[in-house]
Amino acid sequence: MIQLQIKNLEVCHGLLKAVRSIDLEVHAGEVLAIVGANGAGKSTLMRAIAGSHSASQGSIHFNGQDIGDLPAHERVKLGLSLVPEGRRLFPKMTVQENLVVGAQIGRKGDWDVESIFEIFDNLVKRRHAKAETLSGGEQQATAIGRALVANPEIILLDELSLGLSPAIVDRVYSILPKLRAAKTTIILVEQDLSRVLKVSDRIICMLEGRIVLEGRTADLTREQIVEAYFGLKKSKNEKVQS
Ligand code: ATP
């Protein structure tokens with residue numbers, strides 16, 4: 001089932017077209033990874049899907065509903081939650097308060113504040129600590145928790161690993177199987193190709209705002225992805241650029 005359908009999407013920062021003519025379908029329950037070099041437009045695409053940045057052209061449908069004009073909090077209510085690059089927690093609020101804010105959206109489901117403390121038990125002793133005092137890993141866990149307590153159908157995870165040690169990244173990624181088992185759709189921006197190849201069902205590679213490679217992870221080689229990543233040469237899975 002197509003859960004998210006994006007057509008001819010264009011997103012600008014002033015005069016700069018950061019996302020250009022993107023067509024993309026995301027199926028319920030899949031793990032879609034978005035890769036690409038710095039500045040390729042991955043975060044801008046994620047923010048446009050989540051409603052934190054308006055598109056200048058094109059459409060976004062979620063479960064058949066046109067959500068293009070809805071603000072971010074309305075999209076969260078429908079079941080679309082973003083864990084933004086840089087986490088963007090409420091710094092003066094405690095871990096628990098950040099989670100409670102996420103839960104206030106009121107969507108029913110398996111996740112609540114206590115179940116977040118169960119999966120991220122490193123947060124238990126930091127429950128009443130202000131977000132600004134947390135380590136990077138604790139902040140990331142809180143940011144993921146804040147998105148999960150809204151019980152999303154689609155969770156958008158932007159650069160989970162940024163600035164974290166490998167052990168902490170492993171810990172953060174250990175929740176993915178749980179999300180997959182719960183049939184939560186995952187859209188993931190990740191720089192670590194080995195990890196992408198391990199966890200995703202499908203990969204898109206962006207270059208200069210466009211999708212230049214798209215395919216099932218099982219059908220793509222690391223070489224094809226790296227070539228698309230750097231725009232080195234065309235591969236057979238490559239999308240035709242306009
Ligand atoms: P990174 O991995 O570095 O986060 P990215 O693929 O996520 O890169 P974006 O952050 O979406 O790429 O940036 C796409 C383009 O838009 C880049 O040229 C970037 O400089 C520009 N850009 C991003 N955010 C802004 C902003 N707030 N104001 C102006 N330009 C921006």
Side-chain angles (χ1 to χ4, degrees), residues 4 6-24 26 31-60 67-68 71-72 75 80-89 91 136-137 139-140 143-144 147 154-166 168-169 172-173 176 185-200 202-215 217 220 222 224-232 235 237-239 241-242:
L4 190 71
I6 295 172
K7 284 192 184 154
N8 196 27
L9 195 74
E10 181 183 279
V11 191
C12 298
H13 295 287
L15 293 176
L16 176 83
K17 286 185 187 173
V19 166
R20 300 158 176 253
S21 317
I22 294 271
D23 291 319
L24 180 65
V26 183
V31 181
L32 173 73
I34 305 178
V35 301
N38 287 344
K42 308 177 297 293
S43 293
T44 304
L45 174 59
M46 296 284 265
R47 288 169 53 76
I49 295 171
S52 8
H53 196 114
S54 302
S56 49
Q57 188 181 295
S59 65
I60 306 176
I67 60 166
R75 299 189 199 192
L80 206 55
S81 289
L82 170 70
V83 179
E85 186 178 3
R87 294 126 201 177
R88 294 177 189 242
L89 296 171
Q139 283 182 25
Q140 193 60 286
I144 296 169
I154 300 183
I155 189 164
L156 299 141
L157 304 170
D158 195 356
E159 303 239 16
L160 287 186
S161 335
L162 207 66
L164 303 181
S165 70
I168 302 291
V169 175
V172 166
Y173 266 89
L176 246 57
T185 307
I186 300 167
I187 305 179
L188 178 74
V189 169
E190 174 57 67
Q191 297 281 2
D192 180 345
L193 210 46
S194 302
R195 208 171 275 279
V196 163
L197 289 167
K198 231 184 269 171
V199 302
S200 66
R202 203 152 60 89
I203 296 175
I204 63 172
C205 181
M206 291 182 69
L207 181 70
E208 295 170 0
R210 297 176 195 274
I211 297 176
V212 289
L213 180 75
E214 177 172 358
T217 307
L220 295 172
R222 175 181 275 270
Q224 279 176 307
I225 300 166
V226 171
E227 281 167 5
Y229 195 104
F230 293 111
L232 294 179
S235 64
N237 297 61
E238 193 167 1
K239 280 194 133 191
Q241 292 188 33
S242 52

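Counting from 1, the numbers follow the sequence of the chain as shown. Whatever order the structure lists them in is the order used to number ligands and atoms, beginning at 1. These numbers come from a predicted model, not from an experiment.
The nearest heavy-atom contact from the protein to atom 4 (O) of ligand 1 is E85 OE1, 3.3 Å. The single protein non-hydrogen atom nearest to atom 13 (O) of ligand 1 is T44 OG1, 3.8 Å, given as residue, atom name and distance. Protein heavy atom at the shortest distance from atom 12 (O) of ligand 1 is G41 N, 3.1 Å. Ranking the protein heavy atoms by distance from atom 10 (O) of ligand 1 puts S43 CB, 3.8 Å first. Nearest non-hydrogen protein atom to atom 27 (N) of ligand 1 is H13 ND1, 3.9 Å. What sits closest to atom 14 (C) of ligand 1 on the protein, heavy atoms only, is G39 O, 3.4 Å. L16 CD2, 3.5 Å is the protein heavy atom nearest to atom 18 (O) of ligand 1.
Within ligand 1, the atoms closer than 4.0 Å to a non-hydrogen atom of A37 are 6 (O), numbered from 1 in the order shown. Annotation for ligand 1: atoms under 4.0 Å from non-hydrogen atoms of A40 are 5 (P), 6 (O), 12 (O). Within ligand 1, the atoms closer than 4.0 Å to a non-hydrogen atom of K42 are 2 (O), 5 (P), 6 (O), 7 (O), 8 (O), 11 (O), 12 (O), numbered from 1 in the order shown. Taking every heavy atom of Q191 and a limit of under 4.0 angstrom, the matching atoms of ligand 1 come to 2 (O). Listed by number with element, the atoms of ligand 1 under 4.0 angstrom from any heavy atom of A18 are 14 (C), 15 (C), 16 (O).
For the atom pair CG of L197 and CD of E190, the computed distance is 11.0 Å after rounding to the nearest 0.5 Å. Distance check: L156 CG to T185 OG1 gives 10.0 Å after rounding to the nearest 0.5 Å. For the atom pair L188 CG and I155 CD1, the distance stands at 10.0 Å (nearest 0.5 Å). Atom CG in L4 sits 4.5 Å away from atom CD1 in I154 (nearest 0.5 Å).
Taking 4.5 Å as the limit, some side-chain heavy atom of Q140 sits within range of a side-chain heavy atom of L160. Between R210 and S21 there is a side-chain heavy-atom pair separated by less than 4.5 Å.
Residue-ligand proximity: M206 is placed with every non-hydrogen atom at 4.0 Å or more from ligand 1. Within the 4.0 Å heavy-atom shell around ligand 1 one does not find G14. Ligand 1 lies less than 4.0 angstrom from a heavy atom belonging to E159.
For H53 (side chain) and M46 (main-chain N/O), no donor-acceptor pair under 3.5 Å exists by modelled atom type. Checked by atom type and distance alone, the side chain of T217 pairs as donor or acceptor with a backbone atom of S200 at under 3.5 Å. Put simply, the side chain of K42 never gets that close to the backbone of M206: no donor and acceptor are under 3.5 Å apart.
Distance remark: protein heavy atom not present below 4.0 angstrom from atom 20 (O) of ligand 1.
No more than 12 heavy atoms of other residues, nucleotides or ligands lie within 6.0 Å of CD in E208, so this atom counts as exposed by the packing criterion.
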